[in-house]
Amino acid sequence: ENPFENGAIAVELGKDAPIYLVLDPRKVRKDGEMDLVEYEYTQKQEKFKDFVSFLRSKLEVIESLVEDEKEGTVQDE
């Protein structure tokens, strides 16, 4: 699926990055919010109800990576 054929609005794109984030204008809610959808190439990876949800998800990933780095991994031993 190419989200841009359905009117998606780019939020995050990278020249060499296969992952990108778009607003899906096909589903505007009563409060004016639209879903944010993260794609890898043309495969939908994750859907977020708003930008705050997207940021919270990314923060959780970063916190987990930091915690793993602080604790070390089995490979480090």
[atom2] on [Y] to [atom1] on [X], rounded to 0.5 Å:
X: R29; Y: D50; atom1: CZ; atom2: CG; result: 6.5 Å
X: S57; Y: E60; atom1: OG; atom2: CD; result: 6.0 Å
X: N2; Y: T42; atom1: CG; atom2: OG1; result: 8.0 Å
X: L21; Y: Q45; atom1: CG; atom2: CD; result: 12.0 Å
X: I19; Y: Q43; atom1: CD1; atom2: CD; result: 12.5 Å

**Report entry** Which atom of P25 lies closest to which atom of A8, heavy atoms considered
**Finding:**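 Looking at all heavy atoms of both residues, the shortest contact is CD-CA, 3.8 Å.
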
Requested in this report: Work out which heavy atom in A10 is nearest to a heavy atom in V22; give both atom names and the distance.
Outcome: CA-CG1, 4.2 Å

Query raised in the report: Is the closest basic N to carboxylate O distance between E63 and K58 below 4.0 Å?
Result: no

Report task. Determine, for K47 against D35, whether the closest basic-nitrogen to carboxylate-oxygen distance falls under 4.0 angstrom. Result -> yes

Query raised in the report: Which class fits the ring pair Y20 and Y39: parallel under 30°, tilted 30 to 60°, perpendicular over 60°?
Result: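 Judged by the thresholds at 30° and 60°, the geometry between Y20 and Y39 is parallel.
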
Report task. Show the numbers, then the answer: is there a side-chain contact (heavy atoms from CB on, under 4.5 Å) between E38 and F54? Result -> CA-CA 9 Å; E38 187 174 65; F54 166 74; 4.0 Å; yes

Query raised in the report: Does K49 NZ have over 12 foreign heavy atoms under 6.0 Å away?
Result: no

